[in-house]
*Asks:* 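Provided herewith is a single structure, encoded as C-alpha cells, for subsequent inquiry.
Proteins get letters first, then strands, A, B, ... in listed order; numbering begins at 1 in each.
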Amino acid sequence: MLSAIATLTQRLEQALVQAFGDDLAGTDPVLVPASNPKFGDYQANCAMALAKRLKDKPRAIAEKIVANLAVTDICEPPEIAGPGFINLRLQTSYLEAQLAAIEGDERLGVAPVTSPQKVIVDFSSPNIAKEMHVGHLRSTIIGDSIARVLEFVGHDVLRLNHVGDWGTQFGMLITHLRTACPEALTGSEHVAIGDLVAFYKQAKQRFDEDEDFKARSRAAVVELQSGDDSARQAWQVLCDQSRQEFQKIYDRLDIRVTERGESFYNTLLSDVVEGLKTQSLLVEDQGAQVVFLDGFTNKAGDPQPLIIQKSNGGFNYATTDLAAIRYRTQQDGAERILYVVDAGQANHFNQVFQVAGKAGWVPEKVELSHVPFGLVQGEDGKKFKTRSGETVRLKDLLDEAVGRARTDLESRIAAEERQESDEFIQSVAETVGLGAVKYADLSQNRTSNYIFSYDKMLALQGNTAPYLLYAYVRVQGISRKGGIDWQNLGADAAIHLEDESEFALAKHILQLDEVITEVAQDLYPNRLCQYLFELSQKFNQFYDRCSVLQAEERQRTSRLMLCDLTARTLQLGLSLLGIQVLERM
RNA sequence: GGGCCUUUAGCUCAGAGGAUAGAGCAACCGCCUUCUAAGCGGUCGGUCACAGGUUCGAAUCCUGUAAGGCCCGCCA
C-alpha cells in the first residue's frame with residue numbers, strides 16, 4: 001500500500017509535467033504535512049520556489065498545478081492559500097479505505113523496501129574485563145532500535161558487538177595478574193567479574209604510575225598478539241568470564257548481538273600495514289608507522305598522523321577498525337556500515353574513514369557512517385555517577401529503574417485496593433522499568449547530551465514509556481470488559497469516521513509508514529517515539545470523547561476497529577524500540 | 001592551535017527551507033454514578049545565544065562572534 005504522501009507526491013509530479021512540460025520532470029513538489037490542521041492534511045510548497053524559474057506569480061503557478069492535478073479519488077478539492085500554498089485535505093472515504101487495507105495487514109501497511117541492503121550495525125561494544133556501565137547504555141539501546149527498524153523494513157542486518165577484547169588493557173591485566181593472582185590465569189573459574197574489575201583498577205593504576213610496569217604491559221600485548229600460549233590462555237579466561245556477564249544484561253534487555261571483537265581481526269592487521277605500505281600511504285614517524293591526514297593538525301599546527309603500527313610493533317584500534325572495514329565490505333558484503341558510538345569519537349572515525357578511502361577500501365556503493373550520540377549526564381549536568389563518585393554499573397541502573405517502578409506500582413495497587421500476585425507485580429515492574437530506561441534514551445535526539453533522571457523517565461504522564469504502555473493497556477481493558485474477539489468483528493465490519501477525535505486518530509495511524517521510512521533512513525529513533533507519543537495522546541482524546549462498548553452498533557464495531565489498529569500500531573512501534581507491551585498494569 | 005557537538009518557554013526537549021515556533025514537566029483552574037483519572041480540557045509562559053549574509057520566505061542554509069561540552073601519537 002502506498003502512503004498518502006507518496007501517492008500525492010506522484011500525482012503532483014505528474015501535474016507539474018502536464019502543466020509546464022517535461023522540463024519540470026523530477027521537480028520535487030515539496031509536499032509536507034500541513035503546518036496547521038485548518039489548512040488540511042498536506043501542503044505542497046513548490047509554487048513559490050518555481051516563480052523565478054517559470055517567470056510567473058506563485059499563485060498563478062499554483063492554480064495551473066491544481067488545474068492539472070488528478071486527486072478526486074483521494075482529496076477534497078485542493079485550495080490555494082497565502083502566497084501560493086496548495087492545501088490538500090484527505091477524503092473520508094479514502095481514509096476509511098486505507099484503514100480497511102491495513103486492518104488485515106500484519107505490517108500495518110508498511111511495505112518492505114524494494115531493494116534490501118546488507119547493513120552492519122556495530123553497537124554496544126563493552127570492554128572485556130570490565131563490567132557494562134552507564135557508558136554502554138546509549139549505544140546498546142540506540143543500536144538495537146536502529147537494527148530493529150532496519151530489519152523490519154527488510155534489510156539484511158548483521159548486528160556486531162565489537163567488544164574490546166584486545167589491546168593494551170590486556171597487557172596491563174595479564175601482567176598484573178601474573179604476580180597478584182596467578183591462579184586467575186590458569187583457566188579455572190577462580191575469579192568473579194567483580195574481582196576482575198578490581199584487578200583492572202589496580203592494573204590501570206600501576207600502568208599509570210610505574211614505567212617499568214607500563215613497559216612490561218606493552219610487551220605482554222605483543223606476546224598476546226603474536227600468539228604466545230600463556231598469554232592466550234589467560235586472555236581466554238578473561239573473555240569467558242566477561243562474556244557471561246554481558247549476556248545476562250543482553251538477555252534482560254532482550255537484545256541480540258553477535259560478538260565479533262577486536263581480536264577477530266588480529267590476523268588481518270599485517271595486511272592493513274602491507275596494503276598501506278604498497279600504496280605509499282604509510283610513513284615512519286618517531287618510530288611508528290603512520291598515515292598523515294588531510295584536514296587534521298596537532299597542537300603545534302603540524303599535519304596529524306593516524307598511528308597504524310606503534311614503535312614497539314603493536315597495533316592499535318585504528319588498525320583494527322581499518323581491518324574491520326576491509327573484512328566487512330569484502331567478506332560480509334556490507335553495503336552500509338553503521339557505527340553507533342559516542343560523539344567523542346567523531347575525530348577517530350573521520351580519520352579512519354579518510355584513510356580507508358585513500359587506500360581504496362571503501363567501494364563506491366558502500367556507506368560508512370558514524371551514528372554519534374551524546375553523553376549521559378546526571379541531573380546536575382555533570383557526568384552521571386553514583387553518590388560516591390563511582391561509575392554506575394548498568395546492572396545497578398536497571399535494578400534501580402525496575403525497583404522504582406515496583407514501588408510506584410505497589411503504592412498504586414494499595415491505593416486502588418487491588419489484589420495482585422507478586423508475579424504480576426514483578427513482571428509489570430520489569431517491563432515498565434526497562435521500557436522507561438529505553439524510551440527515555442530513545443525519545444531524545446541522540447546527538448545531544450542526555451540528562452538521566454529516574455523520576456522523569458518513570459513519570460506516569462508526559463512523553464514516557466508508562467504513558468504509552470497505559471494507552472495500550474486501555475485497549476486491552478476494553479477487550480476484556482467487552483469480551484472482544486478482534487479476529488472476528490463481523491464480516492461487514494468497517495470503520496466509519498465521525499467524531500473529530502476519530503479523524504485525528506485515524507490519520508495519525510496511517511502515518512506509521514512515513515515515520516518508519518524516515519527512521520530507517522536518518523536513524524533518529526526519537527522521531528518514532530514522538531509519533532507513538534502523539535498516537536497515544538490522540539487515542540486518549542478519542543477514548544475520552546467516544547465511548548466504545550456502549551456505542552450503538554456500526555459505530556461500536558467501527559470504534560473497536562480503531563482501538564485495535566491503535567493497539568497494534570503501538571505494539572509494533574514499541575517493538576521497534578525494543579519495548580514490550582502489557583495487558584494490564 | 002585544530003576538529004566535532006550543543007545553545008529554542010522557569011526545567012527537560014521536539015522542530016533539519018514554508019503560513020501565528022510546538023510538546024511534556026512545573027504553576028494555576030476545571031472534569032470521575034459511565035471501557036483503569038497512570039486520563040482529558042483550559043490558563044500562564046519565547047529577542048529561537050549574538051551579528052551579518054543567501055532566499056519570495058530562515059529557529060532551520062552560509063560566514064563570523066560568544067558561552068558550554070567532547071576529542072586531538074603510540075589507551076580503546
*Asks:* Quantified in whole Å, what is the P atom distance between nucleotide B/rG57 and nucleotide B/rG64?
*Replies:*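 Their P atoms lie roughly 23 Å apart.
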
*Asks:* Rounded to the nearest Å, what distance is computed from the CZ atom of residue A/Phe373 to the C1' atom of nucleotide B/rC70?
*Replies:*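 One finds 13 Å between C1' of B/rC70 and CZ of A/Phe373, rounded.
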
*Asks:* Over 60° means perpendicular and under 30° means parallel, so classify the ring planes of A/Tyr317 and A/His348, tilted if in between.
*Replies:*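 It falls in the parallel class, under 30°.
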
*Asks:* Find the distance A/Phe85:CZ to B/rG17:P and express it as a whole number of Å.
*Replies:*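 Nearest whole value for this atom pair: 15 Å.
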
*Asks:* Determine whether the aromatic ring centres of residues A/Phe85 and A/Phe39 are separated by less than 6.0 angstrom.
*Replies:*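 Here the rings of A/Phe85 and A/Phe39 have centres that are no less than 6.0 Å from each other.
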
*Asks:* How far does the C1' atom of B/rG17 sit from the matching atom of B/rG53, given to the nearest Å?
*Replies:*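 It works out to 16 Å between them.
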
*Asks:* Going by the rule salt bridge (Lys or Arg N to Asp or Glu O under 4.0 Å), which residues pair with A/Arg556 if we only count those two or more places apart in sequence or in a different chain?
*Replies:*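 Checked A/Arg556 against salt bridge (Lys or Arg N to Asp or Glu O under 4.0 Å); zero matches.
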
*Asks:* Please determine whether any donor N or O and acceptor N or O are separated by less than 3.5 Å between the side chain of A/Asn347 and the base of B/rC71.
*Replies:*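 Yes, a donor-acceptor pair under 3.5 Å.
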
*Asks:* Determine the contact category for A/Leu549: base if any of its heavy atoms lies under 4.0 Å from a base atom, sugar-phosphate if only primed atoms, P, OP1 or OP2 are that close, otherwise nothing.
*Replies:*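 It contacts base atoms.
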
*Asks:* Tell me what A/Val473 touches on the nucleic acid: a base, only sugar-phosphate, or nothing, going by heavy atoms under 4.0 Å.
*Replies:*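 Here A/Val473 touches the bases of the nucleic acid.
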
*Asks:* Rounded to whole Å, how long is the line connecting atom CG of A/Asn463 with atom C1' of B/rA38?
*Replies:*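 That distance rounds to 15 Å.
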
*Asks:* Do A/His370 and A/Phe353 have ring centres separated by under 6.0 Å?
*Replies:*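 They do not qualify: ring centres at least 6.0 Å apart.
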
*Asks:* Which comes earlier along RNA chain B counting from the 5' end, the contact point of A/Arg527 or that of A/Val428, where each point is its nearest nucleotide?
*Replies:*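 Taking each residue's closest nucleotide, the earlier one in sequence belongs to A/Arg527.
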
*Asks:* OP1 or OP2 of B/rG15 sitting under 4.0 Å from any side-chain N/O of A/Gln530?
*Replies:*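 For B/rG15, OP1/OP2 do not have a side-chain N/O of A/Gln530 under 4.0 Å.
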
*Asks:* Using atom C1' in both nucleotides, what's the gap between B/rA76 and B/rA16 to the nearest angstrom?
*Replies:*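 Each nucleotide's C1' atom is 33 Å from the other's.
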
*Asks:* B/rC70 and B/rC29: how far apart are their C1' atoms, nearest whole angstrom?
*Replies:*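 45 Å, rounded to whole Å.
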
*Asks:* Distance check: side-chain N/O of A/Asn526 vs OP1/OP2 of B/rG15, anything under 4.0 Å?
*Replies:*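 So the side-chain polar atoms of A/Asn526 do come within 4.0 Å of the phosphate oxygens OP1 or OP2 of B/rG15, strictly under.
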
*Asks:* Output a table of nitrogen or oxygen pairs between the protein and nucleotides 54-63 of chain B separated by less than 3.5 Å.
*Replies:*
| from | atom 1 | to | atom 2 | distance (Å) |
| --- | --- | --- | --- | --- |
| B/rC56 | OP1 | A/Lys52 | NZ | 2.4 |

*Asks:* Within this structure, what is the CD1-to-P distance between A/Ile425 and B/rA38, rounded to whole angstrom?
*Replies:*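 That distance rounds to 17 Å.
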
*Asks:* Test the A/Arg474-A/Phe539 pair against the cation-pi criterion, namely NZ or CZ under 6.0 angstrom from the six-membered ring centroid and within 45° of the ring axis.
*Replies:*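 Relative to the ring axis of A/Phe539, which defines the angle, A/Arg474 lies outside at least one limit.
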
*Asks:* Does B/rC35 have OP1 or OP2 under 4.0 Å away from a side-chain N or O of A/Arg474?
*Replies:*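 So the side chain of A/Arg474 is outside the cut-off, no N or O lying under 4.0 Å from OP1 or OP2 of B/rC35.
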
*Asks:* Does a side-chain N or O from A/Asn540 land closer than 4.0 Å to OP1 or OP2 of B/rC40, or not?
*Replies:*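 Checking A/Asn540 against B/rC40: at least one side-chain N or O falls below 4.0 Å of OP1 or OP2.
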
*Asks:* Got a minute to check which stems RNA chain B is part of, using Watson-Crick or G-U wobble pairs under 3.5 Å, three or more consecutive?
*Replies:*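 Stem segments, range with range: B:1-7 with B:66-72, B:10-13 with B:22-25, B:27-31 with B:39-43, B:49-53 with B:61-65.
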
*Asks:* OP1 or OP2 of B/rG24 less than 4.0 angstrom from a side-chain nitrogen or oxygen of A/Gln537, does that happen here?
*Replies:*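 Answer is yes, contact under 4.0 Å.
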
*Asks:* Using a 4.0 Å heavy-atom cut-off across all strands, classify A/Lys481 as base, sugar-phosphate, or nothing.
*Replies:*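 A/Lys481: backbone/sugar contact only, no base atoms under 4.0 Å.
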
*Asks:* Students often get this wrong, so: under 4.0 angstrom with heavy atoms, is A/Leu409 touching a base, only sugar-phosphate, or nothing?
*Replies:*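 The answer is base, as A/Leu409 lies within the cut-off (heavy atoms under 4.0 Å) of a base atom.
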
*Asks:* Hey, does the side-chain of A/Asn87 have a donor or acceptor N/O within less than 3.5 Å of a partner on the base of B/rA19?
*Replies:*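 It does, because a donor-acceptor pair links the side chain of A/Asn87 to the base of B/rA19 below 3.5 Å.
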
*Asks:* Rounded to the nearest angstrom, tell me the gap between atom CG in A/Asn36 and atom P in B/rA19.
*Replies:*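 Those two atoms, CG and P, are 10 Å apart.
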
*Asks:* For B/rG73, take OP1 and OP2 only and decide whether either is under 4.0 Å from a side-chain N or O of A/Gln304.
*Replies:*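 No.
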
*Asks:* If you check every side-chain atom of A/Asp544, which of B/rA38, B/rU12, B/rG39 has the closest atom?
*Replies:*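 Closest nucleotide among those given: B/rG39.
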
*Asks:* So A/Ala81, base contact, sugar-phosphate only, or nothing? Heavy-atom distance under 4.0 Å.
*Replies:*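 Here A/Ala81 touches the bases of the nucleic acid.
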
*Asks:* Examine B/rC4: is either OP1 or OP2 under 4.0 Å from a nitrogen or oxygen in the side chain of A/Asn350? Give yes or no.
*Replies:*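 It does not, given that no N or O in the side chain of A/Asn350 lies less than 4.0 Å from OP1 or OP2 of B/rC4.
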
*Asks:* Would you mind reading off the distance between A/Glu534 atom CD and B/rA23 atom P, rounded to a whole angstrom?
*Replies:*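 In whole Å, B/rA23 P and A/Glu534 CD are 10 Å from each other.
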
*Asks:* May I ask you to decide if the ring planes of A/Phe207 and A/Phe213 are parallel, tilted or perpendicular, using 30° and 60° as cut-offs?
*Replies:*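 Correct class here is perpendicular.
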
*Asks:* Taking B/rG22 as the reference, what is the distance to B/rA9 when you measure between their C1' atoms (whole Å, please)?
*Replies:*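 My reading of the C1' atoms in B/rA9 and B/rG22 gives 10 Å.
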
*Asks:* Is there a side-chain polar atom (N or O) of A/Gln444 under 4.0 Å from OP1 or OP2 of B/rC13?
*Replies:*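 For B/rC13, OP1 or OP2 has a side-chain N or O of A/Gln444 closer than 4.0 Å.
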
*Asks:* Under 5.5 Å centre to centre and under 30° between planes: does that hold for A/Phe39 and the six-membered base ring of B/rA19?
*Replies:*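 Stacking is present between B/rA19 and A/Phe39, given that their ring centres fall under 5.5 Å apart and the planes under 30°.
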
*Asks:* I need the CZ-P distance between A/Phe353 and B/rC4, as an integer number of Å.
*Replies:*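 For the pair A/Phe353 CZ and B/rC4 P, the rounded distance is 16 Å.
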
*Asks:* Syn if the chi torsion is within 90° of 0, anti otherwise; quick check, which is B/rC48?
*Replies:*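 Anti, since the glycosidic angle lies more than 90° from 0.
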
*Asks:* Do any side-chain nitrogens or oxygens of A/Ser453 fall under 4.0 Å of OP1 or OP2 in B/rC25?
*Replies:*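 No, A/Ser453 has no side-chain N/O under 4.0 Å of OP1/OP2 on B/rC25.
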
*Asks:* With heavy atoms under 4.0 Å as the rule, sort A/Thr447 into base, sugar-phosphate or nothing.
*Replies:*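 Here A/Thr447 touches the backbone only, sparing every base.
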
*Asks:* On the nucleotide B/rC40, are OP1 or OP2 found under 4.0 Å from the side-chain N or O atoms that A/Tyr467 carries?
*Replies:*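 For B/rC40, OP1/OP2 do have a side-chain N/O of A/Tyr467 under 4.0 Å.
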
*Asks:* Measure up the A/Phe349 and A/Tyr339 rings against each other and bin them: parallel (under 30°), tilted (30 to 60°), perpendicular (over 60°).
*Replies:*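 A/Phe349 and A/Tyr339: tilted rings.
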
*Asks:* I want to check one thing: is the phosphate of B/rC35, taken as OP1 and OP2, less than 4.0 Å away from some side-chain N or O of A/Arg559?
*Replies:*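 No, no such contact exists.
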
*Asks:* I need the CZ-P distance between A/Arg480 and B/rC35, as an integer number of Å.
*Replies:*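 That distance rounds to 13 Å.
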
*Asks:* Has the side chain of A/Gln43 got a donor or acceptor that lies under 3.5 Å from a partner of the other kind on the base of B/rA19?
*Replies:*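 When only heavy-atom distances are counted, A/Gln43 does reach the base of B/rA19 through a donor-acceptor pair under 3.5 Å.
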
